[in-house]
Protein chains: 2
Amino acid sequence: MNKAKNTTTESEILNAAKRIFQRKGMVGARMQEIADEAGINKAMLHYYYRSKQLLFEAVFKKAFLLLAPQLNDILNSDDSICDKIKSFTHNYISFVIKHPYLPNFIIQELNRNPEFIKDLMSERHFPTIEKFKKQVAIKVAEGIIRPIKAEQLFINIMALNIFPFIGAPLLKGFINVNDKTYKQLLEERKTEVASFIINAIKIEQ
Amino acid sequence: MNKAKNTTTESEILNAAKRIFQRKGMVGARMQEIADEAGINKAMLHYYYRSKQLLFEAVFKKAFLLLAPQLNDILNSDDSICDKIKSFTHNYISFVIKHPYLPNFIIQELNRNPEFIKDLMSERHFPTIEKFKKQVAIKVAEGIIRPIKAEQLFINIMALNIFPFIGAPLLKGFINVNDKTYKQLLEERKTEVASFIINAIKIEQ
DNA sequence: ACTTTTGTCAACCAAATGGTTAAACTAAAT
DNA sequence: ATTTAGTTTAACCATTTGGTTGACAAAAGT
């Protein structure tokens, strides 16, 4: 049997499932719809992945592993806090503009099943903020940055980067702009967010 | 026929639907589950609200109207920018700690059906940021606050306040804390977020 | 007293949905 | 050439689900 054939079928299923799950979520997605998207028979989904739940988990983990290592690398690099903030905001926003369904998909499914985070935490490359915490504590002690808990700073960085994508429909309504103008605002945020954060924590001499 | 009886039934349905929809979302919720939660027959849901879609819309609009006027009042008050930031963050975080499913519910459903925001925008009390935009422009021109587009500042305020609730499962995993500790962090944010934002925009003399 | 309207319920229905099966097909191994 | 193992498909199945119906009860109107 052609080895190439079944691997393409298997990965074709995964890609189709990714598109459908990310658009509709686990509960909203239909197995038939995924099969149609992949252009194959529905029974193949079960042949390769057994059940909807397992197919979903394969998609979810793959999506999560697209983002987690990026974050982990930056948190544990030897860069300064400022450089970490700059590189994370620029990288993350650039990446997510290309994959707009990703953050909402992950957040939505984790809210549906919060226990799932424990599975992810035991995997390699799950981000840790230990090094970042030490860096912040040192700079606060040195009087370089304003007193702030590393956890709060971390939450702020994540919020400012992720929320504009997840909250897009709401924010577009509130600030009353069309899709094109909103995309423009997101582009600006690649640099805007980092300077906002740095201004917030830096002590002027 | 007892007038009190049917009005309580109707509102009992709405309350039960609110609980189920907010926990499970539109697609995850089951009409039978809502009926059980309300302790009445499933046919009553259709008797009072015709269809799942209409029941959902009633719940959604009610939930939205719990938050929108709060925001609108603050945006259009005569307070200074700083006071607006302080009162919004404090009010919003206090309110949402009591209704933890609310922000995720609204954001999730707006992402499922982004067109729905147009319905909401035509309602009274839909927040407008015009006054806030003027205030920011003036203070920037006067050199009181750092140059920033009001839209970006608004997105930042919303992000810093809303995301910690929506992203809770993910953030708890990343910063590796239990529910109790995380709740403590949220409490701190009632004041922490406002000073973070004000530090970010204020020009030191 | 009677009719009409409104509210409530158990039983029912058609469509959708995740999942299974048995047979057909394909290509490599013997 | 025949066997063998993996791959693919159409048809099928049991369950779930939103929604309907018809009978019945309780008010309200007359």
Measure the distance from [atom1] on [X] to [atom2] on [N] and round it to the nearest whole Å.
X	N	atom1	atom2	answer
Tyr47(A)	dG19(C)	OH	P	18 Å
Gln32(A)	dC12(D)	CD	P	16 Å
Tyr49(B)	dT8(C)	OH	P	12 Å
Glu12(B)	dT8(C)	CD	P	12 Å
Leu45(B)	dG18(D)	CG	P	10 Å

Please say whether more than 12 non-hydrogen atoms of neighbouring residues, nucleotides or ligands are located less than 6.0 Å from [atom1] in [X].
X	atom1	result
Lys131(A)	NZ	yes
Lys62(B)	NZ	yes
Lys202(A)	NZ	no

Cation-pi check, Arg112(A) onto Phe56(A) ring (under 6.0 Å, within 45° of axis):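 Pair Arg112(A)/Phe56(A) counts as cation-pi.
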
Letter per nucleotide, 5' to 3', of nucleotides 9-15 of chain C [B base touched, S only sugar-phosphate touched, - untouched; heavy atoms, 4.0 Å]: BB-----

Nearest heavy atoms of Ala29(A) and Lys24(A), plus distance in Å: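 Here Ala29(A) and Lys24(A) meet closest at N-CB, 3.7 Å.
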
Minimal non-hydrogen separation, Lys18(B) against Val59(B), with atom names: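 Looks like CA-CG1, 3.7 Å.
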
Worked verdict on Phe105(B) versus Tyr101(B) for ring pair (Phe, Tyr, Trp, His ring centres under 6.0 Å): CA-CA 6 Å; Phe105(B) 173 63; Tyr101(B) 286 108; 9.6 Å; no

Ion pair check, Glu192(B) and Lys149(A), cut-off under 4.0 Å: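 Here Glu192(B) does not pair with Lys149(A) in a salt bridge, since their nearest N and O are not under 4.0 Å apart.
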
DNA chain C contacts made by residues 15-28 of chain B, counting heavy atoms under 4.0 Å: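 By residue number: none to list.
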
Using a distance-only test with no angle check, is there a side-chain donor-acceptor pair under 3.5 angstrom linking [X] and [Y]?
X	Y	answer
Asn91(B)	Ser94(B)	no
Asp36(B)	Gln32(B)	yes
Gln184(B)	Glu188(B)	no

Could you list all N or O pairs between the protein and nucleotides 14-17 of chain D that sit under 3.5 Å apart?
from, atom 1, to, atom 2, distance (Å)
dT17(D), OP1, Arg30(B), NE, 2.7

Any Thr9(B) side-chain N or O less than 4.0 Å from OP1/OP2 of dG7(C):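 False: Thr9(B) side-chain N/O out of range (4.0 Å or more) of dG7(C) OP1/OP2.
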
Proximity to the side chain of His46(B) - top-ranked nucleotide from dG18(C), dT8(D), dG19(D):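 Output: dG19(D).
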
